[in-house]
Colleague: 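My questions all concern the structure below.
In what follows, chains carry the letters A, B, and so on, assigned in the order in which the sequence lines appear, proteins first and then strands, with residues in each chain numbered from 1.
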Protein chains: 2
Amino acid sequence: MPHTSSPVSPTAVDVMATLTDFCRVYQQDFLTAAQRLDLTYSQAKLVCLLAEPRAMRELAEALSCDASNITLLIDRLEQRGLVERHTDQADRRVKKVVATAEGTALAQQVRDEMHGVRAALETLSPSRRRSLQSILEQLHGHMTTSLD
Amino acid sequence: MPHTSSPVSPTAVDVMATLTDFCRVYQQDFLTAAQRLDLTYSQAKLVCLLAEPRAMRELAEALSCDASNITLLIDRLEQRGLVERHTDQADRRVKKVVATAEGTALAQQVRDEMHGVRAALETLSPSRRRSLQSILEQLHGHMTTSLD
DNA sequence: TATTGTTATACTCTATAACTATA
DNA sequence: TATAGTTATAGAGTATAACAATA
């Protein structure tokens, strides 16, 4: 049951186990960063998603949760002055959620607080970094297009 | 504000953005797989962690939540016959959680149900797969040792 | 005394269903 | 009639604090 690197190429299953371990550590780093900034996990995810304005419905999709939950989550972020609701004039049913300056700054702080991931990435040589970037883009592209 | 691949090597910040996107998709695939098997997110994580017996305390650490929460989570898994508690004879305060045959099989099913990640990994050439494996091991190793 | 696991409690997250306002 | 967002509610996850059993 090979789990680590071997002279021959690892199978997709081997890589998946490694990827699973890595994503667990990544997620933990994200959670810790969020908590240091007084954000729950979902709040931090929302703030980081709001690089540009998004409808409530889109945010529910991105968090893969029911749309009804977004109301309260955004309520709390709005009370903290991190986001604002703007009715879409093209379709007055839609509310676009927009990050305020504070919200945008906090999203950046979340990323900055992910010391573990950041430091680990700094240990990569430029060529390995380029390689990782390229492979992740291939994987991500394949996974998102296959969902359409 | 470069986000995608470019002729020069991407910075750690560039790669981090890509990694964030990828981990979000990965996590969603895991959640969907868990829900198809009637497991909550935390339950699925626990089941997948129990390749070998672990103390309640260790599980809390792995899920980075308070130890008190593990009690109810394990209660539910135990009621479904997926895990068992065994008092550690070396230290009778400790309870080791052990996956049953059904629990082990279900953990494997969770991994099998992650079609998106699996299919994406299948698109990698052997050399890129080997490269990804090696890079992830470097990153994971760096992040876990820096936490000690 | 310190540690493991449990219980009780309160807050947050999440899904479901019923409602409103717009389309 | 269909859709975007809201409200109400119930079930699950989580942290805090206090407790029993064991070390």
Colleague: Identify, with sequence neighbours excluded, every residue that meets ring pair (Phe, Tyr, Trp, His ring centres under 6.0 Å) alongside F30(B).
Modeller: Y41(B)
Colleague: Heavy atoms, side chains only, cut-off 4.5 Å: are L46(B) and L39(B) in contact?
Modeller: no
Colleague: How long is the line joining CG of L59(B) and P of dT6(C), in whole Å?
Modeller: 11 Å
Colleague: Does the side chain of C48(B) come within less than 4.5 Å of R111(B)'s, by heavy atoms?
Modeller: yes
Colleague: Is there a donor-acceptor contact under 3.5 Å linking the side chains of D21(B) and T18(B)?
Modeller: no
Colleague: Just how far, in rounded Å, is P of dT12(C) from CD1 of I74(A)?
Modeller: 15 Å
Colleague: Quick check for you: name the first and last nucleotides of DNA chain D, 5' to 3', having an atom under 4.0 Å from a heavy atom of chain B.
Modeller: dA12(D) to dA23(D)
Colleague: Using the side-chain heavy atoms of R93(B), tell me which of these nucleotides is nearest: dT14(C), dT6(C), dT4(C).
Modeller: dT4(C)
Colleague: Where along residues 50-57 of chain B does a heavy atom come under 4.0 Å from DNA chain C, residue by residue in number order?
Modeller: A55(B), M56(B), R57(B)
Colleague: Output the distance between atom CZ (F22(A)) and atom CD (Q133(B)), rounded to the nearest 0.5 Å.
Modeller: 13.0 Å
Colleague: For a quick check of understanding: with a heavy-atom distance under 4.0 Å over all strands, which category does L73(A) fall into, base, sugar-phosphate or nothing?
Modeller: sugar-phosphate
Colleague: Under 4.0 Å between a Lys/Arg side-chain N and an Asp/Glu carboxylate O for D75(B) and R85(B)?
Modeller: yes
Colleague: Any side-chain N or O of T40(B) less than 4.0 Å from the OP1 or OP2 oxygen of dT14(C)?
Modeller: no
Colleague: Is it the case that R92(A) and T87(A) place a side-chain donor and acceptor less than 3.5 Å from each other?
Modeller: no
Colleague: Any side-chain heavy atom of L121(B) within less than 4.5 Å of one from R129(B)?
Modeller: no
Colleague: If you check every side-chain atom of C65(A), which of dT7(C), dA15(C), dT22(C) has the closest atom?
Modeller: dA15(C)
Colleague: Taking any heavy-atom pair under 4.0 Å as a contact, classify S42(A): base, sugar-phosphate, or nothing.
Modeller: sugar-phosphate
Colleague: Name the nucleic acid region contacted by N69(A), choosing base, sugar-phosphate or nothing; use a 4.0 angstrom heavy-atom cut-off, strictly under.
Modeller: base
